[in-house]
Amino acid sequence: MPDNASPVRQPAPPASSTALEREVAELIVQALNLDVTAAEIPPDAPLYGEGLGLDSIDILEIALVVSKQYGIQLRADSEENEHIFRSLRHLVDYITAHRTK
Amino acid sequence: MVAYRSGKPVSARHFVADVARVAASLPAGDHVLNVCLDRYRFTVGFAASLAAGKVSLLPSTHTPEVIRQLRVFAPDAFCLTDDSACDIDLPKILFPEVATSIVAEGVVPDIDAGQLAAYVFTSGSTGTPLPYKKTWGRLLRCVRDGAQRLGLLDGRHTIVGTVPPQHMYGFESSVLLGLQTGSAICAERPFYPADICTILAQAPRPRVLVSTPVHLRALLAAEVDLPQVDLVVSATAPLSRDLAREVEDKFATRLLEIYGSTETGQIATRRTAQTLEWQLWPGVTLTLKDDGQAWAQGGHVEQPTPMCDVLELTEGDRFLLHGRMADLVNIAGKRSSLAYLNHQLNSIPGVLDGTFFLLDDSHASSTGVTRVAAFVVAPSLNAAALTEELRRRIDPVFLPRPLMFVERLPRNGTGKLPQEALRELAARHMRP
């Protein structure tokens, strides 16, 4: 009942990450040979351009990893595409929704 | 057909009308930076510029610093774009797209072979890009000789390119090749492996895939069903024989590699699955000077031009490529020099000393790309601020990865930086 529930539902703190987020972050760090650890990739910062500073070659590398690991072929013509690389969290949401393995 | 846009054919009549319409809408300046992403629009924009007597500017990158330098080089330059969010700091004109139903009669413009068609730029070593003139006649001769070597002179093909039309290779092999031979140009620039397959599958055969080692590796690794292709062309970096054979196997067709430089344009081809020797295009010759540098001349190469790679002349019109000269950097087809990158790094306020450093190929990614690292002495700057400054000055592919802050560089008594000392420094700072 509402009365017994906690007074305000707290949003998840931004630094927290799901197991899949950690897994994908680790895949990215390995695939791109990045100089950061998976834990240092902020889940909500842009992956492309500023932020983590990835470029189109990196995006292609990530697409390969995603296809191998989760069975998803990314496409530039899908409307979701521009959202996918907005952040680690967006990418993980996309994988969750579309993964075939 | 001149082109296909989203699978729909564009006739020569339609193209000529588009060129006339766009030519009439261009502003007064004589220099055009054509950044249209759509390959058809780029091609129309280039032809319209030519028809209007304007010169296309083809820098290798569009960073704010390069745009600033372009404004100095050509103060009347304007930017033709098909992206309303384009943030290039030049007067802009949005590509005038119209409904396709009405096509007026157009006249094919007569372009003099001596007309200056484009300036292409190399990064130079002092921080200022060096311009090279390309006349219409030389560009066409280059592409025609290449088409002959590639077996594309009959103009029956459809060209699918994964490279941007603004890149010298994409300009020659996905734009001019179509215009010169009558092969049709696909407007799209597919990026992901699945996209490349879709665009290929809807392109009428015979079809040519104009691509790079990065995209070919990605295509092979992606576990997608590859459509039938009648010729694969690769340039920007040499392919290994193994990868070339795998491409030929999987696509069940020939793969031809093209070799060239910004200064000379394309000058040689090889079928890498069969031979590592390059064959020069008809009329082009190479001469080795006493200092070991190879110079190209003849054919479409107007003046003797030094090549920036280490070449070994074998027999007749054949040669072997033994990598780039020590100072040169080539990442996924973007070229620069250590001197240029170092100049940009050291011109950032707060950088006391700094140097870029070439990593060896053991650091290559799965698409075969090896990045550059950098050491910097800049106690007042953090990595984010320094990277932001670099991003304004150099193409993002050259952003150092990793960027390592050190107390001082291992300069020797004469102020030079021995490679060995840099390698040791890298070994200490980089993760294994």
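Lettering follows sequence order; numbering is per chain, from 1.
- Ranked by heavy-atom pairs under 4.5 Å with chain A, the first of Val397(B), Val214(B), Thr387(B) is Val397(B).
- A salt bridge does not link Lys334(B) with Asp55(A): none of the charged nitrogens is closer than 4.0 Å to a carboxylate oxygen.
- In this structure, Phe191(B) and Leu60(A) approach most closely via the heavy-atom pair O-CD1, 3.6 Å.
- For Gln228(B), the CD atom counts as loosely surrounded, since its 6.0 Å shell holds 12 or fewer non-hydrogen atoms of other residues, nucleotides or ligands.
- Atom CG of Asp225(B) has 12 or fewer neighbouring heavy atoms from other residues, nucleotides or ligands inside a 6.0 Å radius.
- Scanning residues 162-171 of chain B against chain A with a 4.5 Å non-hydrogen threshold yields no residues.
- Listed by chain and residue number, Phe375(B) satisfy the ring pair (Phe, Tyr, Trp, His ring centres under 6.0 Å) test with Phe357(B) (two or more places apart in sequence, or in another chain).
- The structure places CZ of Arg371(B) at 4.5 Å from CD1 of Ile57(A), a figure rounded to the nearest 0.5 Å.
- Annotation: maximal heavy-atom pairing with chain A below 4.5 Å, among Ala384(B), Pro190(B), Ser366(B), occurs at Ser366(B).
- With sequence neighbours excluded, the residues that form a side-chain contact (heavy atoms from CB on, under 4.5 Å) with Ser365(B) are Glu61(A), Thr367(B), Val369(B).
- Under the 3.5 Å distance criterion, the side-chain polar atoms of Asp195(B) are matched with a main-chain donor or acceptor of Ala76(A).
- Identified under the side-chain hydrogen bond (donor to acceptor under 3.5 Å, both in side chains) test for residues 62-74 of chain A, with sequence neighbours left out: Glu23(A)-Tyr70(A).
- Counting heavy-atom neighbours within 6.0 Å of Arg423(B) CZ, excluding the residue itself, gives a total above 12.
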